[in-house]
Amino acid sequence: MTDESDNSAPASDPSTAETSNDADGSDGQLDVETDSGTSTGPSDLDDVILDNLDAGSDDPSDEASRGLFDDLLEGEPIFENKEVLRPSYTPHKLPHREEQINNMATILVTALRGDTPSNILIYGKTGTGKTASAKFVSEELETTSQKYEVPCEVEYINCEVTDTQYRVLAQLANKFIDKNAQLIDDRIAELEELQSQARDNAAALEETAFDSLDAVETEIESLEADKSEFEEVPMTGWPTDRVYSSFFDAVDYHERVVVIMLDEIDKLVEKSGDDTLYNLSRMNSELENSRVSIMGISNDLKFTDFLDPRVKSSLGEEEIVFPPYDANQLRDILQARSDVAFKGDALTEDVIPLCAAFAAQEHGDARRALDLLRTAGELAERDQTDNVLEDHVRQAQEKIELDRVVEVVRTLPTQSKIVLFAIILLEKNGVHNINTGEVFNIYKNLCEEIDADILTQRRVTDLISELDMLGIVNAVVVSKGRYGRTKEISLSVPTEETEAVLLSDSRLGDIDDVQPFVQARFDN
């Protein structure tokens, strides 16, 4: 019989609850029946929660969430300064680029004499030190100009990001407007200090250009009026000629020599034509106070072929070529950076030579070598080891290669993704030495499945060639005797990871299981 003083539900409501003395030692606690099963009653809920909280430290499942970062911080860090291994870092010394740096300095030194330097075009493959060398020379130029009190400025624009004439001109205009405003503020502060001194002692004006306090006040008012007329250029909305006019006025506000560094200049020409370069290259004939020089940096040696002849002749006054690094040169670069980036003897002897060898295979790409070394160090830290080993470099190589594949595949046009997906489906279904006709059959099925336009077989063949150039597939032309020639295609990237990236695309993600229809093949 149930004790009336017990905290259980009333016996008069058997549909809701029932009291039991469990043999497992639950001491007659109330259980409430619900649709999902039996749960602890509300009267004991607070006790149960408190008990769980008190016992939490003894729950093995709770250990994974406690001390997570404490465990990771237990090991000694391998890196002293990881930023040294990033492409954005500009080192104090650039091994094996002395000749190119001296050439740039010889051209730009005229800026320190107040004259206009020749325009420079810098060519070279990715990771050959073009941008790092140009930034190094630019920093030296600005430092030396301050030393000799010569107004010389360098402005850097990455044309891969700022890739239209409007954006380039607007970004430059706003930079010079900000500089002019700061110049005015500094000048007004000097004049106000002069005013204060002249009120106490009129002789303070004797060695200045002012003959009275009123003249000083007039100059301050003139400067404030100039500043009030400055108007920041919005990133959209103005006519291009108005943006150009604002940039022109901002540059010419006072005397200075300006070097405009356009990194990835070929991307700007590819997206917007040569109008920007035409406007910048003819500025000097109209400027009164300033002089402008252009330094273009490009991975494409042929991009000037598409320029207007007038732009090409003025822009390419001086050309500097950066050859790829060999393995020994990459080793020197890595050694110089690792001395600053890592602690003590963190690297084993074979790490730097292996990074250099891998990167030398990638057309002497120093950026790739630095990425390898940095990633290997990060993997070693995750393993909580004291040293970076050869195995970490090999793991880093695989990781970087996969990351590159993921990024390339993710940014492919939709039609190229469909073609690549067709090749993956064929390989997954055991088809080897895939030919173009087989890919085209599956491609048509996929296009019908997602309601995409179906390209001609010739165009699909072109897309396969583009995938081949990107290193995603390997396409080899083979002869089939009297049946003609065809391309035999195979994947050059991991199948599962590539398929996952393709299916993350919203259109391809809707594809049901498409079994490939393989046409009759002509095998030798």
Side-chain angles (χ1 to χ4, degrees), residues 87-88 90 100-101 103-105 107-108 110-111 116-142 152-177 179 233 235 240 243-244 246-248 250-251 256-284 287 290-322 367:
S88 56
T90 304
Q100 288 79 11
I101 287 172
N103 287 344
M104 277 188 272
I107 297 165
L108 294 175
T110 56
T116 310
S118 298
N119 295 325
I120 306 172
L121 277 182
I122 298 171
Y123 297 106
K125 292 182 179 292
T126 300
T128 52
K130 303 182 302 297
T131 301
S133 298
K135 285 185 174 181
F136 175 81
V137 173
S138 298
E139 290 174 5
E140 287 290 307
L141 180 66
E142 289 190 317
C152 184
E153 302 166 16
V154 180
E155 294 298 339
Y156 175 84
I157 301 285
N158 185 344
C159 298
E160 190 166 26
V161 179
T162 311
D163 59 356
T164 65
Q165 178 178 210
Y166 187 106
R167 290 177 184 172
V168 169
L169 294 175
Q171 189 169 325
L172 287 170
N174 290 333
K175 284 184 177 183
F176 286 109
I177 287 170
K179 287 189 174 186
V233 180
M235 293 315 290
T240 305
V243 181
Y244 177 76
S246 293
F247 165 60
F248 184 94
V251 170
R256 58 184 155 203
V257 177
V258 176
V259 178
I260 299 173
M261 192 191 308
L262 299 175
D263 201 358
E264 307 280 1
I265 191 173
D266 49 295
K267 299 291 194 300
L268 175 64
V269 174
E270 182 182 317
K271 179 78 176 284
S272 305
D274 56 12
D275 288 347
T276 310
L277 302 181
Y278 177 75
N279 287 327
L280 293 176
S281 63
R282 69 183 180 89
M283 280 185 68
N284 289 325
L287 291 168
S290 299
R291 292 289 176 266
V292 171
S293 174
I294 302 170
M295 181 189 294
I297 304 173
S298 173
N299 299 329
D300 183 1
L301 278 69
K302 297 181 179 179
F303 93 95
T304 55
D305 294 348
F306 305 102
L307 297 178
D308 182 289
R310 293 169 298 175
V311 178
K312 186 176 179 179
S313 62
S314 66
L315 189 62
E317 292 175 325
E318 299 281 355
E319 295 186 352
I320 300 174
V321 177
F322 279 66
R367 191 175 301 177

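All heavy atoms count here, side chains included; hydrogens, waters and symmetry mates do not. If you're wondering where the values come from, they're calculated on a predicted model, not measured in any experiment.
- Looking at Asp274, its side chain never comes within 3.5 Å of a backbone N or O of Leu307 through a donor-acceptor pair.
- At least one side-chain heavy atom of Ser138 sits under 4.5 Å from a side-chain heavy atom of Met261.
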Assess whether side-chain contact (heavy atoms from CB on, under 4.5 Å) is satisfied between Val257 and Thr116, documenting all intermediate values. CA-CA 7 Å; Val257 177; Thr116 310; 5.9 Å; no
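- Side-chain atoms of Glu318 and Asn103 form no donor-acceptor pair, as typed in the model, at a separation below 3.5 Å.
- Two residues are said to be in side-chain contact when any heavy atoms from C-beta on lie closer than 4.5 Å; Asn299 and Tyr123 fail this criterion.
- In this structure, Lys175 places its NZ atom where more than 12 heavy-atom neighbours from other residues, nucleotides or ligands lie under 6.0 Å away.
- The closest donor-acceptor contact from the side chain of Ser293 to the backbone of Ser118 lies under 3.5 Å.
- One finds the CG atom of Leu280 at 6.0 Å from the CG atom of Leu169 (value rounded to the nearest 0.5 Å).
- Between Val168 and Leu268 the shortest side-chain heavy-atom distance falls below 4.5 Å.
- Minimum interatomic distance between Val233 and Ser246 (heavy atoms only, all atoms of both residues): CG2-CB, 3.9 Å.
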For residues 154-163, which side-chain donor-acceptor pairs fall under 3.5 Å, sequence neighbours excluded?
residue	atom	partner	partner atom	Å
Glu155	OE2	Lys179	NZ	2.6
Tyr156	OH	Asp263	OD2	2.7
Asn158	OD1	Glu160	N	3.0
Thr162	OG1	Gln171	OE1	3.0
Asp163	OD1	Arg167	NH1	3.2
Asp163	OD2	Lys271	NZ	3.0

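- Met295 places a side-chain heavy atom less than 4.5 Å from the side chain of Ile122.
- Between the side chain of Ser133 and the backbone N or O of Lys130, no donor-acceptor pair lies under 3.5 Å.
- Across all non-hydrogen atoms, the minimal contact from Leu108 to Pro117 is CD2-CB, 4.0 Å.
- At distances below 3.5 Å, not a single donor-acceptor pair connects side-chain atoms of Ser272 with backbone N or O atoms of Val269.
- Within the 3.5 Å criterion, the main-chain N or O of Leu287 finds no donor-acceptor partner in the side chain of Ser290.
- Asp300 has no carboxylate O lying under 4.0 Å from a charged side-chain N of Lys302, or vice versa, which leaves the two without a salt bridge.
- Between the CD atom of Glu264 and the CZ atom of Phe303 there is a distance of 11.0 Å, given to the nearest 0.5 Å.
- The line from CG of Leu121 to NZ of Lys312 is 10.5 Å long, rounded to the nearest 0.5 Å.
- In terms of heavy atoms, Ala170 sits closest to Val243 at N-CG1, 3.6 Å.
- Contact of the Thr90 side chain with the Glu139 side chain is registered, since non-hydrogen atoms from C-beta on lie closer than 4.5 Å.
- Annotation: the span from Ile120 atom CD1 to Ile297 atom CD1 amounts to 9.5 Å, rounded to 0.5 Å.
- In this structure, Thr126 and Arg367 have side chains that are in contact, with non-hydrogen atoms separated by less than 4.5 Å.
- For the residue pair Gln165 and Thr240, the shortest heavy atom distance occurs at NE2-CG2, 3.7 Å.
- In this structure the side chain of Tyr278 never reaches within 4.5 angstrom of the side chain of Thr276, judged on heavy atoms.
- Between Thr128 and Phe322 the shortest heavy-atom distance is O-CD2, 3.4 Å.
- Using a 4.5 Å heavy-atom cutoff, the side chains of Phe176 and Glu153 are in contact.
- Without hydrogens or angle criteria, Arg256 side chain to Val251 main chain gives a donor-acceptor distance under 3.5 Å.
- Considering all non-hydrogen atoms of both residues, Asn119 and Ile294 come closest at OD1-N, 2.8 Å.
- Using a distance-only test at 3.5 Å, with no hydrogens or angles considered, a donor-acceptor pair links the side chain of Asn284 to the main chain of Val292.
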